[in-house]
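What's counted below: heavy atoms across the whole structure, side chains too, no hydrogens, waters or symmetry copies. Order of the sequence lines fixes the chain letters, A, B, ..., with proteins taken first and strands second; residue numbering starts at 1 for each chain. Note that this is a predicted model, so its numbers are computed, not measured.
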There are 2 protein chains.
Amino acid sequence: MSRDPHSGLQRVILDTARQLLVSEGYAQLSMRKIANKIGYSATSIYLHYGNKDELVHALIDEGVDLLHDELHAAHVGSEKPLEQLHAMFMAYIQFGLGRREYYEIMYVLHPEYITRYPAEKYRKARRNLEMIASAISNGVKGGLLEPNDPMLCANLAWAQLHGVVTLLSSERVDKRIPADTLIHASSDHLIRSLLKNPTLAEV
Amino acid sequence: MSRDPHSGLQRVILDTARQLLVSEGYAQLSMRKIANKIGYSATSIYLHYGNKDELVHALIDEGVDLLHDELHAAHVGSEKPLEQLHAMFMAYIQFGLGRREYYEIMYVLHPEYITRYPAEKYRKARRNLEMIASAISNGVKGGLLEPNDPMLCANLAWAQLHGVVTLLSSERVDKRIPADTLIHASSDHLIRSLLKNPTLAEV
DNA sequence: TCCGTTAACTTAACAGTGTTAACCAGCAAG
DNA sequence: CTTGCTGGTTAACACTGTTAAGTTAACGGA
C-alpha cells in the first residue's frame, strides 16, 4: 500500500500496467489482465495497491511528470516570450495527441469513473499551468503582452489546448479541417489574443 | 430495431434511460437497471435496440436536438453579430454544464467505450458549428470581424468552449478561479480575437 | 376448428469486471 | 516450539453487456 514503487512487484505491476495502458488503452486495462501478464493472481495486486484507482493514480503521476518535462524543455528552449509560449503550446498538444492514454487518465476520464486524484498531488499538475503563466508574465514584462491576470490567461489557454486535444483525439473534428491547421491556428490565435498590439504579429 | 421511438416500449425504454442518465450519470446506466425500472427483463430491451450503444445513440440524438434548439434560440435572439456570438457561446457553455450527462455522451465519451456515432448523423451535429460560422460571416459582412476562414474559426471557438466545459465539469480548474470568470473571459477572448480592431471592444 | 407462424417476452448462461474473505506456506522472533 | 507476520493463493460476490434457447399468446389460412 506504500506510495512509491520501489520494491519488487510494485514496480513490475506498474510497468505492465503502463504497457497495457499504452498498447490497449484504458478501456482494456483490467486487474486480471495485468495479473495474467506477470504470472500472478489478480488479488495479489491488492497487496500493493489498495484498488484500481490507486494504481491508475500512480500512472497519472508518471504522466504528470512526463508532461512537465516536455513543457519545461519547451520553456527553457527559448528566451523570447512569444516563441516560448508557442513552443509550450505545441509541446502540450503534442503530448496530448502523442501519449493519448496518459492524457486520457490525466485529463479526460470522468471523476465518476475514477476516484478523485488526491488534492495534494494537484500542486504538481498545477506547476504546468504556472509555467505558462510565468511565460505570459515574461511577455508582459518585455512589453509585448498586456493581460492583467496571467493565471487566468493560462487557464484560458489551457482550456483552448485541452479542447483541441480532446476533439482531435476523439476524431470529432470535421476531416476537411486538417489537424495541423487547427493546431497552428489555435496557437496563433492564443498568442495574438495576448498581444498588446495584434497588428505587429511577429510570432 | 427500428430507429424512431414511436410505439410502446421503445418510448418507455428511452424515457427511463434518459431519466437514469440524468439522475445517476452514464457510469450508472445499465441495461438491467433500465429493465428493472420498467418491470421488464433486461433482454427485452434488445428487441427494440440492437445493443446499448444504439440506445445511447438515440439519447445522443435527443441531446443534439436540444443543443441545436438552444443555439438556434441564441442565434435568432439578436441581430448584432457580436451579441449573437456572445449569446451562442454562452448557450453552448450553459448546455454543457447544465445538461452534463447529455454533454458527456455527446462529446466526452471516448470512441473506445462506445461505437462510433453514425456518420450520417454527424451532419446534424455539424449544423451547430455552421450556425457559429454563419454568425462569424455575418460579422465579417458587417465589417466588424475579419477572419478569412469562418469555419476554421468556428472550430477554434468550439475547441475553446469544449475545453472550458469539460475542465469545469470535471472540476479540474483551480477553485481560486471562479467558473463565471473563466466563462466570460473565454467568450470575451474569443470575440476579441475575431475583431478587426480589438481596441473598440463594444461587446 | 386446428395448424403454423410470428411477435413479445422470459430464464439461463457466458465471459468479463472490481473487490473481499478466507486460507495457506514460509520464515523470523520470542 | 509456537506465535505472528509477509506474500501469496482460491473461491466467491455482485455486477456488467450480450446471446441462445424456451415459453406464451395472438393471428391468419385451410
Side-chain angles (χ1 to χ4, degrees), chain A residues 1-18 20-21 23-60 101 104-105 109-117, chain B residues 1-18 20-21 23-60 101 104-105 109-117:
Chain A
M1 221 77 80
S2 62
R3 253 71 181 181
D4 45 340
H6 48 320
S7 69
L9 256 197
Q10 211 147 0
R11 260 254 69 88
V12 179
I13 291 171
L14 202 61
D15 286 346
T16 58
R18 178 184 48 240
L20 267 169
L21 179 72
S23 68
E24 307 196 26
Y26 178 77
Q28 298 300 321
L29 181 67
S30 86
M31 304 299 257
R32 286 179 171 86
K33 271 189 190 162
I34 299 171
N36 281 347
K37 217 162 187 102
I38 61 177
Y40 282 78
S41 78
T43 53
S44 54
I45 299 180
Y46 287 85
L47 301 174
H48 303 273
Y49 294 96
N51 52 28
K52 192 186 179 184
D53 288 350
E54 265 190 28
L55 210 173
V56 174
H57 285 166
L59 290 174
I60 291 180
E101 288 74 20
E104 188 188 358
I105 59 174
L109 232 56
H110 235 70
E112 209 180 337
Y113 293 97
I114 191 172
T115 311
R116 261 269 63 85
Y117 190 60
Chain B
M1 219 78 81
S2 63
R3 254 69 183 182
D4 47 337
H6 48 319
S7 68
L9 255 198
Q10 209 145 1
R11 260 255 69 89
V12 179
I13 291 170
L14 201 62
D15 287 346
T16 58
R18 178 186 47 241
L20 266 168
L21 178 72
S23 68
E24 306 197 26
Y26 178 79
Q28 297 300 319
L29 181 68
S30 87
M31 303 299 258
R32 285 178 171 87
K33 271 190 189 162
I34 299 171
N36 281 347
K37 217 159 188 108
I38 61 178
Y40 283 79
S41 78
T43 53
S44 52
I45 299 180
Y46 287 85
L47 301 173
H48 303 272
Y49 293 95
N51 51 29
K52 190 185 179 184
D53 287 350
E54 265 190 27
L55 209 172
V56 174
H57 285 166
L59 290 174
I60 292 181
E101 288 74 20
E104 187 187 0
I105 60 175
L109 230 58
H110 234 71
E112 208 180 336
Y113 294 95
I114 191 173
T115 311
R116 249 301 29 103
Y117 189 59

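As rounded to whole Å, 11 Å separates atom P of D:dG17 from atom CG of B:Leu20. Rounded to whole angstrom, the span from the CE atom of A:Met31 across to the C1' atom of C:dT20 amounts to 12 Å. One atom, CG of A:Leu47, and another, P of C:dA22, lie 16 Å apart when rounded to the nearest Å. Going from atom NZ of A:Lys52 over to atom C1' of C:dT19 covers 12 Å, rounded to whole Å. Atom CD1 in A:Ile45 sits about 11 Å away from atom P in D:dG8, given to the nearest Å. Taking atom OH on B:Tyr49 and atom P on D:dT19, their separation rounds to 17 Å, with Å as the unit. One interatomic measurement links the two molecules: CD of A:Gln10 to C1' of D:dG8, which rounds to 15 Å at whole-angstrom precision. Here C:dT17 presents its C1' atom at 14 Å from CG of A:Asn51, a figure rounded to the nearest Å.
Taking every heavy atom of both residues into account, B:Tyr46 and B:Asn51 meet most closely at CE2-CA, 3.8 Å. When all heavy atoms are compared, the tightest approach of B:Ala35 to B:Ile45 is N-CD1, 4.0 Å.
Of the side-chain N and O atoms in A:Ser41, one or more sit less than 4.0 angstrom from OP1 or OP2 of D:dT9. Within the structure, a side-chain polar atom (N or O) of A:His48 is placed less than 4.0 Å from OP1 or OP2 of D:dG8. Put simply, A:Tyr40 has a side-chain N or O that comes within less than 4.0 Å of OP1 or OP2 on D:dG8. Close to D:dT9, at under 4.0 Å from its OP1 or OP2, lies a side-chain N or O of A:Ser44.
Between the side chain of B:Thr43 and the base of C:dT11, a donor-acceptor pair under 3.5 Å is found.
For B:His57 (side chain) and B:Thr115 (main-chain N/O), a donor-acceptor pair under 3.5 Å exists by modelled atom type.
The local environment of NZ in B:Lys37 is sparse, with at most 12 non-hydrogen atoms from other residues, nucleotides or ligands closer than 6.0 Å.
Of the candidates C:dT17, D:dG8, D:dT18, the closest approach to any side-chain atom of A:Arg32 belongs to C:dT17. Proximity note for B:Ser30 (side chain, C-beta onward) versus C:dA8, D:dT19, D:dT16: the nearest is D:dT16.
The residue B:Leu55 sits apart from the nucleic acid: no heavy atom pair falls under 4.0 Å. Residue contacts shown for A:Leu29 are limited to sugar-phosphate atoms, with no base heavy atom under 4.0 Å away.
Between the CD1 atom of A:Ile114 and the OH atom of A:Tyr26 there is a distance of 5.0 Å, given to the nearest 0.5 Å.
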